Amino acid sequence: MKKLTTDEIRNIWLDFWKSKQHLELPSKSLIPINDPTLLWINSGVATLKRYFAGIEAPPSPRMCNSQKAIRTNDIENVGVTARHHTFFEMLGNFSIGDYFKKDAINWGYELLTKYFEINPSLLYITVYEKDEESYQCWINVGINQKHIIKCNKQRNFWEIGEGPCGPCTEVYYDRGEKYDSKKLGEELFFKDIENDRYVEIWNIVFSQYKSDGKGNYTDLPKKNVDTGAGLERLASISQQVDTDFDADNFINIIRTLEKSCQVKYDLDKKDYKTIIDHLKTCTFAIADGAYPSNKERGYIIRRLIRRSMVAARKLGLDSKTMVDVCISMTIDNMKSYYPYLINQKQHIEEVIYKEEESFSRTINDGFKIIDKLTTDIDGHILFDLFTTYGFPVEMTVEIASEKGIAIKKDAIEEYKKEYKHHQDISRGFIKK
């Protein structure tokens, strides 16, 4: 594969689809507009839902974008795995009632092999078992038939209750034997074994049916194409590095932080990855109007800032240095496509500094409490660490796990009851 920077990959993607008469859409705010079903924009198509649902007419039947997104359901896995992020960019191309399977697959193959210069022999494909058309399209463009697997509905059929749905086809890239310690080869792909050798780089959804939510399907009057390719994952593959965090827009920040740390970076050092991922997320979220607080989006931002501070403490890294380096370099890395970040820099730093200052007063005392524990953690300890020291419950549980301290079975429920009692007192519902 051609070695490309993250910016180059994004530009090639957008320029290619524009050459196929797609309208480039700007990356929209991370805070959803008129969509109470989402806490954050979490995918490339999330901002286009009203077009796909037929509520609004799209500005063009063909569109493409690089959409910033946040997903927070796997915060604890950030830094542990090679590819988990809270903030990421999703590259997409979309057709609403225009082209369909043949063009989507033909053009996808062209982009991957001609413009990204991926060797076709390293591509592996999944298709829905009843989607013979997609299966044949991949063979026609030149994919080795032995590299294509037909999968069941659970793996290759996109459906969320009632509404538009349809089969999908996924593109995987073989990173080679270096990432196959047990030498299982293609078995990893065909048996869907968790691995770092065969990684998904692109998913194409063909929404051609309407589901009634009860297992019955009718053809949609307009057939649509919805795709997503992770920019960070493509960058790591293009640059032939071990993880997304070793690609250009991450590793330069890590190397700068490393100069101020007591711990050298390696693949097992999740704390570096946690810091960079979380503060990148906060940079974009705050620029789009989010603030730290104790609920909803604000709670996520607060949790990310505090988790990054805990990670900095483990590395022996001054938290102010951490913020200075991460915010400045994140903006510098991303300014070519997100120039508005430059004027938001001071505001972003002020918001994070304020939260950092608040938590720094108690972080050491909170750690002393955890370090002195000789028994399992119960609900009262969780409550005390949260209300007195500002440790979110999830963070306490995570730190305790790393230290080998168990959480009592009913601790979370006990914490919730004690916290509700505390709220009732604060609101004057009950007397102390």
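Note that the coordinates shown come from a computational prediction; the quantities given were computed from them, not determined experimentally. Computation of the quantities below employed the complete heavy-atom set of this structure, encompassing side-chain atoms and omitting hydrogens, waters and symmetry-equivalent molecules.
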Using the side chain to side chain donor-acceptor pair (under 3.5 Å) criterion, which residues pair with Lys223? Sequence neighbours excluded. none
Qualifying ring pair (Phe, Tyr, Trp, His ring centres under 6.0 Å) pairs with a residue from residues 273-306, counting only residues at least two apart or across chains: Phe87-Phe284, Phe284-Tyr338, Tyr291-His347
More than 12 foreign heavy atoms under 6.0 Å from NZ of Lys183: is that the case here? yes
To the nearest 0.5 Å, what is the distance between CG on Leu385 and CD1 on Ile377? 7.0 Å
Heavy-atom neighbours of Lys210 NZ exceed 12 at 6.0 Å: no
Report the C-alpha distance between His380 and Glu418 in whole Å, list the side-chain angles of each, state the deciding distance to 0.1 Å, and finish with yes or no for side-chain hydrogen bond (donor to acceptor under 3.5 Å, both in side chains). CA-CA 7 Å; His380 177 72; Glu418 196 161 347; 3.0 Å; yes
Thr6 and Ala235 have their tightest heavy-atom pair at OG1-CB, 3.5 Å
I need the minimum non-hydrogen distance between Asn252 and Met329, along with the two atoms involved. O-CE, 3.4 Å
Just jot down the side chain to side chain donor-acceptor pair (under 3.5 Å) partners of Glu355, sequence neighbours excluded, or say none. Arg302, Arg306
Using only atom types and a distance under 3.5 Å, with no angle test, would you say the side chain of Arg307 pairs donor to acceptor with the backbone of Met395? no
Are the side chain of Ser95 and the backbone of Asn224 linked by a donor-acceptor contact shorter than 3.5 Å? no
Could you check whether atom NZ of Lys222 has more than 12 heavy atoms from other residues, nucleotides or ligands sitting under 6.0 Å from it? no
Answer yes or no for Lys101 and Phe206: cation-pi contact, defined as NZ/CZ to six-membered ring centre under 6.0 Å and angle to ring axis within 45°. yes
More than 12 heavy atoms of other groups within 6.0 Å of Lys153 NZ: yes
State, without any angle test, whether Asp248 and Thr5 hold a side-chain donor-acceptor pair at a distance under 3.5 Å. no
Atom CZ of Arg155 and atom CG of Asp192: how far apart are they, to the nearest 0.5 Å? 4.0 Å
Kindly write out the residues that satisfy ring-ring contact (aromatic ring centres under 6.0 Å, His included) with His22, not counting sequence neighbours, or none if the list is empty. Trp17, Tyr99
With a 4.5 Å cut-off on side-chain heavy atoms, are Ser236 and Asp242 touching? no
Atom CD in Gln240, atom NZ in Lys178: separation rounded to 0.5 Å? 9.0 Å
Aromatic Tyr135 / basic Lys150 pairing, under 6.0 angstrom, 45° off normal: yes
Say you draw a straight line from OH of Tyr198 to OH of Tyr173; how long is it, rounded to the nearest 0.5 Å? 11.5 Å
Think Lys417 forms a cation-pi with Phe383, using NZ or CZ under 6.0 Å from the six-ring centre and within 45 degrees of its axis? no
If you look only at pairs with a residue in residues 33-57, which of them pass as a ring pair (Phe, Tyr, Trp, His ring centres under 6.0 Å), with sequence neighbours excluded? none
Applying side chain to side chain donor-acceptor pair (under 3.5 Å) to Asn106 and not counting sequence neighbours gives none
Among Thr281, Thr72, Thr274, which residue satisfies the side-chain hydrogen bond (donor to acceptor under 3.5 Å, both in side chains) criterion with Thr86? Thr281
Within 45° of the six-membered ring axis of Tyr265 and under 6.0 Å from that ring's centre, is NZ or CZ of Arg255 located there? no
If you define the side chain from C-beta out and look only at heavy atoms, does anything of His84 sit under 4.5 Å from Arg71? no
Aromatic ring pairing Tyr124/His147, orientation class (parallel under 30°, perpendicular over 60°, tilted between): parallel
So which atom in Asp288 and which in Lys68 form the shortest heavy-atom distance, rounded to 0.1 Å? OD2-NZ, 3.0 Å
Check Asp376 against Ile381 and note the closest heavy-atom contact, atom names and distance. O-CD1, 4.4 Å
